[in-house]
Student: 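Dropping a structure here in structure tokens format, bear with me for questions.
Throughout, protein chains are lettered first and strands after them, A, B, ... in sequence-line order, and every chain is numbered starting at 1. Source: prediction; values computed, not measured.
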Amino acid sequence: MSDEQPAVERQDFIRDIVRDDLASGRHREVVTRFPPEPNGYLHIGHVKSIALNFGIAEEFGGRCHLRFDDTNPVKEEHEYIEAIKEDVRWLGFDWGAHLYHASDYFEQLYEWAEHLIRSGLAYVDDQSADEIRAQRGTLTEPGAASPWRERGSDENLVLFRAMRAGEFADGARVLRAKIDMAAGNINLRDPVLYRILHASHPRTGDRWCIYPTYDYAHGQSDAIEHITHSLCTLEFEDHRPLYEWLVEHLPVPSRPRQIEFARLNLASTVLSKRRLLRLVAEGRVSGWDDPRMPTICGIRRRGYPPAALRDFALRVGVAKRNSVVDPALLEHAVRTELNRTAARRMGVLEPLKVVIENYPEGASEELEAVNNPEDPGAGSRRVPFARELFIEAGDFMEEPPPKFYRLAPGREVRLRYAYLITCREVVKDPSGAIVELRCSYDPATRGGDAPDGRKVKATLHWVSAAHAVGAEVRLYEPLFTRPDPGAERDWVEDLNPASLRVVSEARLEPSVAELAAGERLQLERLGYFCLDPDSRPGRPVLNRTVTLRDTWAKVRDRG
RNA sequence: UGGGGCGUCGGCAAGCGGUAAGCCACCGGUCUUUGGAACCGGCAUCCGCAGGUUCGAAUCCUGCCGCCCCAGCCA
């Protein structure tokens, strides 16, 4: 027993704590919670927290609750509750029957507040917010006691009940904990526990006109749910003493422990609710689900698979150091997942016409193409081939530099799944622009292999001109032009004007038209894409999720 | 002499007194019907700095330096 090795390797300090607590018998099972306030949409930063909380519960055989921290009715909306549930589910996590709301506990929380009053640990303060602020002191100076601090508990009780009964206007009075106005930790300088808010709550309607603050509600909600490990971000470190003070002075059914970790920051994007809202409000993006947005709904529309997001969260790790993660790590996780799972298709973004001169006019045939070389079980499909094709304009150069080994005059290349072709002639319009390539094909190379064993250095994607379907393809680049938007000027100034490029006349192999919105695919040699909900029958709209790694681009840009 | 945290490769991140994991990025190479994928190899004599303890320190002690959070009746 004593020399038993842990089954899981050490991952982070939080899992260490959980493992120790289980091993020592401090807890029989682990219970975590993801506690969003329903006041906005979830974004990639939340994925870290979601994956941490649900992941730990899963790994240690415990459970994770989804709890809406709905203590401030003026900021919260039902719409967000549903959106958040959808996002968490989409990520692949399941809270089972454990869906809760802080508002479920309003009555209990209220009773405990009276308990605090009776214990002489809370008092009703008649001062205004400004007066309270003025008395709080500063970071270096202690605060001063409120004139109402020594009010007797009977009077406090009467007043607090009157607060609840709606006898006072918003802001007229608050309930404060009586702790220490000289504490170095400002959170302990008699924090506000209840405020008067004559506002309708998305769930409790007009039943209440006093609402608990986060500080008062959170720890007690954790205790009610028997949360063992309450994981939150670093900025709440200062609140932990208050969290513990409350849990110690109240007859709560369990003693949860708050543990803080560093929130996720991603380079080249913004994650604050305020900034995201501004992007939407000012029309800088098409909406919360714009595929360039770091919101979960944006990411979903962009085509990122949930498994990739979970993998990303694991790769990012959990620690207490403030850090900024390179989006390349996210893209890596996305490519890894999509490489395994995405069906391959061909499509041309910038079509260049190719006429196979020795291919019979009016004829066509179907060639077999593998759906995913990484997954034999994915099968194959048939791709139409004919005399007139489109290839990618960038795959031809009239005067190729040394390392360019795609198509060029007189050069032979392979058309993927099809034939070896040789460029015989370049046709230009009066302005000198290339409009067409006249090529020949070798009928003996059907499928792509030459019987004589000769090799070509390039394989190009292509599409039959007559069979291809037209499509709109949306190409995305980072929303910002620098990793740290706003570092030197207003962050909006750092918005990337080229973050969206629309290709309206892409040509895709016909089978793409059969895909449903949301389906993901790889356009060979170009990248991973997914069908946008804007797609209509016969007119697909594709979002480029992420490009393929492009070694040639590096070589080209270097020389 | 306000309180609370954090400083290990370009970016994340292990390391918990025994002589610097891993991942991403980057750089080579092999292979290839995606210049994709896969595979092989390279990439911190050094852990913010300075002292000290020790046979031995990124890990312990002391002192500096730097960065982040806190003065909402937001969460």
Student: Which listed nucleotide (B:C69, B:C73, B:G11) is nearest to the side chain of A:Asp326?
Tutor: B:G11

Student: Look at the side chain of A:Ala319 and decide which nucleotide, out of B:A14, B:C73, B:C12, has an atom nearest to it.
Tutor: B:A14

Student: Is the shortest side-chain N/O distance from A:His332 to OP1 or OP2 of B:C24 below 4.0 Å?
Tutor: yes

Student: What is the nucleic acid contact for A:Leu526, judged by heavy atoms within less than 4.0 Å: base, sugar-phosphate only, or nothing?
Tutor: nothing

Student: Which nucleotide sits closest to the side chain of A:Asp12: B:A14, B:C6, B:G2?
Tutor: B:A14

Student: Taking the six-membered ring for Trp, is the centroid-to-centroid distance between A:Phe13 and A:Phe261 below 6.0 Å?
Tutor: no

Student: With heavy atoms under 4.0 Å as the rule, sort A:Ser128 into base, sugar-phosphate or nothing.
Tutor: base

Student: Under 4.0 angstrom, heavy atoms only, what part of the nucleic acid is A:Gln127 near: base, sugar-phosphate, or nothing?
Tutor: base

Student: Nearest nucleotide by nearest heavy atom, which residue falls closer to the 5' end of RNA chain B, A:Gly184 or A:His218?
Tutor: A:Gly184

Student: Any idea which of B:G5, B:G35, B:C73 is nearest the A:Tyr405 side chain?
Tutor: B:G35

Student: Base, sugar-phosphate, or nothing: which does A:Lys403 touch, judged by heavy atoms less than 4.0 Å apart?
Tutor: base

Student: With a non-hydrogen cut-off below 4.0 angstrom, is A:Asn339 in contact with a base, only sugar-phosphate, or nothing?
Tutor: base

Student: Picking from B:C73, B:G36, B:G3, which would you name as closest to the side chain of A:Arg136?
Tutor: B:C73

Student: Would you kindly compare A:Asp215 and A:Leu415 by the position of their nearest RNA chain B nucleotide and give the one closer to the 5′ end?
Tutor: A:Leu415

Student: Which one of A:Tyr211, A:Trp112, A:Phe160 satisfies the ring-ring contact (aromatic ring centres under 6.0 Å, His included) criterion with A:Tyr194?
Tutor: A:Phe160

Student: Donor-acceptor check, side chain of A:His101 to backbone of A:Ser103, threshold 3.5 angstrom: yes or no?
Tutor: no

Student: Across the strands shown, which category fits A:Asp238 at heavy-atom distances under 4.0 angstrom: base, sugar-phosphate, nothing?
Tutor: base

Student: So A:Arg321, base contact, sugar-phosphate only, or nothing? Heavy-atom distance under 4.0 Å.
Tutor: base

Student: Taking atom C1' in both B:G63 and B:U53, what distance in whole Å separates the two?
Tutor: 15 Å

Student: Just checking A:Val324: base, sugar-phosphate only, or nothing, at a heavy-atom cut-off of under 4.0 Å?
Tutor: sugar-phosphate

Student: Nearest to the side chain of A:Arg525, heavy atoms from C-beta on, is which of B:C24, B:C6, B:U34?
Tutor: B:U34

Student: Syn or anti for B:G72, with syn set at within 90° of 0?
Tutor: syn

Student: By centroid distance (under 5.5 Å) and plane angle (under 30°), are A:Tyr214 and B:A75 in a stacked arrangement?
Tutor: no

Student: Using a heavy-atom cut-off of 4.0 Å across all strands, would you classify A:Val174 as base, sugar-phosphate, or nothing?
Tutor: base

Student: Any donor-acceptor pair, under 3.5 Å, between the side chain of A:Glu374 and the base of B:G36, if you only look at N and O atoms?
Tutor: yes

Student: Using a cut-off of 4.0 Å on non-hydrogen atoms, how would the nucleic acid contact of A:Val318 be classed: base, sugar-phosphate, or nothing?
Tutor: sugar-phosphate

Student: If you check the A:Leu139 side chain, which of B:C26, B:A75, B:G2 turns out closest?
Tutor: B:G2

Student: Which label fits A:Phe385 and A:Tyr441: parallel for a plane angle under 30°, tilted from 30 to 60°, or perpendicular past 60°?
Tutor: tilted

Student: Output the single nucleotide from B:C23, B:G35, B:A75 whose closest atom is nearest the side chain of A:Asp69.
Tutor: B:A75

Student: Give a yes or no on whether a salt bridge exists between A:Glu225 and A:Arg67, defined as a side-chain N under 4.0 angstrom from a carboxylate O.
Tutor: yes

Student: Just to be sure I understand the rule, does A:Arg340 reach a base, reach only the sugar-phosphate, or reach nothing, if contact means heavy atoms closer than 4.0 Å?
Tutor: nothing

Student: How is A:Pro483 classified with respect to the nucleic acid when contacts are heavy atoms under 4.0 Å: base, sugar-phosphate, or nothing?
Tutor: nothing

Student: Considering only heavy atoms and no angle criterion, is a donor-acceptor pair shorter than 3.5 Å present between the side chain of A:Arg414 and the base of B:U34?
Tutor: no

Student: For a quick check of understanding: with a heavy-atom distance under 4.0 Å over all strands, which category does A:Arg315 fall into, base, sugar-phosphate or nothing?
Tutor: sugar-phosphate

Student: What I want to find out is whether A:Arg454 reaches A:Glu412 closely enough, with some N-O distance under 4.0 Å, to be called a salt bridge.
Tutor: yes

Student: From C-beta outward on A:Arg133, which listed nucleotide comes closest to its side chain: B:G72, B:A75, B:C27?
Tutor: B:G72

Student: With the side chain of A:Thr138 defined as its heavy atoms from C-beta on, choose the nearest nucleotide among B:A13, B:G35, B:A71.
Tutor: B:A71

Student: Quick one: does A:Arg240's side chain get under 4.5 Å of A:Glu260's, heavy atoms only?
Tutor: yes

Student: Tell me which nucleotide, if any, is Watson-Crick or G-U wobble paired with B:A25 when both distances must be under 3.5 Å.
Tutor: none

